[in-house]
Amino acid sequence: IRVYKPNWWVLLGDMGTGKTSLVLRFVKGQFSEYQESTIGAAFFTQVLSLNEATVKFDIWDTAGQERYHSLAPMYYRGAAAAIIVYDITSTDSFVRAKKWVREVQRQANPNLIMFLVANKADLEDQRKVGNEEGEEYAKENSMSFFETSAKTAQNVNELFYEIGKRLARA
Ligand code: GTP
């Protein structure tokens with residue numbers, strides 16, 4: 001069976017949490033220590049082959065800098081999935097992630113699937129946000145939770161394949 005679903009996903013989160021790095025790790029298998037901050041938003045497209053379906057999707061990687069906040073609704077309204085990213089070494093980024101969750105819950109398409117992603121899991125020695133804190137918050141908000149590292153590739157494919165599978169079922 002070949003299923004073609006036009007859909008797009010959006011990444012949201014504070015600046016520097018690793019949104020672009022996660023997408024580049026997934027789409028190109030690359031990582032850069034000197035990834036530049038996104039201006040406005042960046043667009044990627046990808047095809048995933050799952051067991052019974054081929055899912056083609058677009059990813060909007062939004063800019064985390066506050067001055068671009070007003071652009072975000074253009075990308076999350078109508079999105080099939082939102083990936084909200086924080087950095088385990090920054091409590092501020094976790095606070096910001098929770099604000100994104102509330103905003104998206106209020107404003108986006110009610111069928112949208114939300115994922116909470118705790119990135120930079122390789123920086124365990126600088127961790128400020130406990131794994132349980134993220135997991136707990138995700139559970140309360142019916143989100144799937146992943147701890148990832150764009151640097152080491154930990155859980156990155158798992159995250160994107162899980163989104164694809166969830167949407168293929170939806
Ligand atoms: P904005 O575009 O400003 O919103 O940032 P962003 O969320 O897209 O973050 P970006 O991917 O630009 O990464 C910011 C910095 O964190 C870069 O220096 C990356 O190399 C670094 N980085 C991203 N992911 C990881 C990770 O998993 N581990 C480590 N150690 N560094 C990471």
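Indexing begins at 1, ligand by ligand and atom by atom, following the structure's order.
When hydrogens are left out, the protein atom nearest atom 9 (O) of ligand 1 is G18 N, 3.0 Å; that is the closest non-hydrogen contact. For atom 5 (O) of ligand 1, the nearest non-hydrogen atom of the protein is G16 N, 3.0 Å. Given atom 20 (O) of ligand 1, the protein heavy atom at minimum distance is S32 O, 2.6 Å. Of the protein's heavy atoms, K19 NZ, 2.7 Å lies nearest to atom 7 (O) of ligand 1. Atom 24 (N) of ligand 1 has N119 ND2, 3.2 Å as its closest protein atom, hydrogens excluded (heavy atom only). Of all protein heavy atoms, the one closest to atom 12 (O) of ligand 1 is Q35 CG, 3.3 Å. Among all non-hydrogen protein atoms, the one lying nearest atom 15 (C) of ligand 1 is K120 NZ, 4.1 Å. Of all protein heavy atoms, the one closest to atom 31 (N) of ligand 1 is F31 CZ, 3.8 Å.
Just one residue in the list N157, I163, V156 forms a side chain to side chain contact (heavy atoms under 4.5 Å, CB included) with L159, and that residue is I163.
Any N or O atom pair closer than 3.5 Å counts here, and S21 shares at least one such pair with ligand 1. The shortest N or O to N or O distance between Q65 and ligand 1 is not under 3.5 Å. Taking distance alone, with nitrogen or oxygen atoms compared against 3.5 Å, D61 stays at or beyond that limit from ligand 1. The shortest N or O to N or O distance between G64 and ligand 1 is under 3.5 Å.
The distance from ligand 1 to the heavy atoms of A150 drops below 4.0 Å at these ligand atoms: 24 (N), 26 (C), 27 (O). Per-residue contacts place L123 under 4.0 angstrom from the following atoms of ligand 1 (heavy atoms of the residue considered): 30 (N). Interface atoms of ligand 1 facing E36, defined by a heavy-atom separation under 4.0 Å, are 12 (O). Ligand-side atoms of ligand 1 in range of K151: 26 (C), 27 (O), 28 (N), 30 (N), range being under 4.0 angstrom from any heavy atom. Residue contact check: D122 has heavy atoms under 4.0 Å from atoms 26 (C), 27 (O), 28 (N), 29 (C), 30 (N) of ligand 1. In the vicinity of S37, heavy-atom distances shorter than 4.0 Å reach the ligand 1 atoms 1 (P), 2 (O), 3 (O). Counting the atoms of ligand 1 from 1 in the order shown, those under 4.0 Å from a heavy atom of A63 are 4 (O). Of all atoms in ligand 1, numbered sequentially from 1 with element shown, those under 4.0 Å from a heavy atom of S149 are 27 (O).
Side-chain contact of Q65 with S37: a donor-acceptor pair under 3.5 Å is present, judged by distance alone. Between the side chains of T38 and T20, at least one donor N or O sits under 3.5 Å from an acceptor N or O. Between the side chains of T152 and D122, no donor N or O sits under 3.5 Å from an acceptor N or O. For the residue pair N141 and Q105, a side-chain donor N or O sits within less than 3.5 Å of a side-chain acceptor on the partner.
Only backbone heavy atoms of E33 (N, CA, C or O) come within less than 4.0 Å of ligand 1; its side chain stays farther off. The proximity of T38 to ligand 1, defined as any non-hydrogen pair under 4.0 Å, involves the side chain as well as the backbone.
The ring of W8 has its center no closer than 6.0 angstrom to the ring center of F57.
Comment: R127 engages E124 in a salt bridge, judged by a side-chain N to carboxylate O separation of less than 4.0 angstrom. E66 has a carboxylate O that lies under 4.0 Å from a charged side-chain N of R96, or vice versa, which qualifies the two as a salt bridge. Salt-bridge annotation for D87 and K120: present, with a side-chain N of the basic residue lying under 4.0 Å from a carboxylate O of the acidic one.
Between F146 and F115, the ring planes are tilted. Angles from 30° to 60° get that label. W60 and F43 have tilted rings, their planes meeting at an angle from 30° to 60° on a 0 to 90° scale.
A distance of 6.0 Å separates CD1 in I83 from CD1 in I59, rounded to the nearest 0.5 Å.
Between the side chain of N119 and the main chain of Y86, no donor-acceptor pair closer than 3.5 Å is present.
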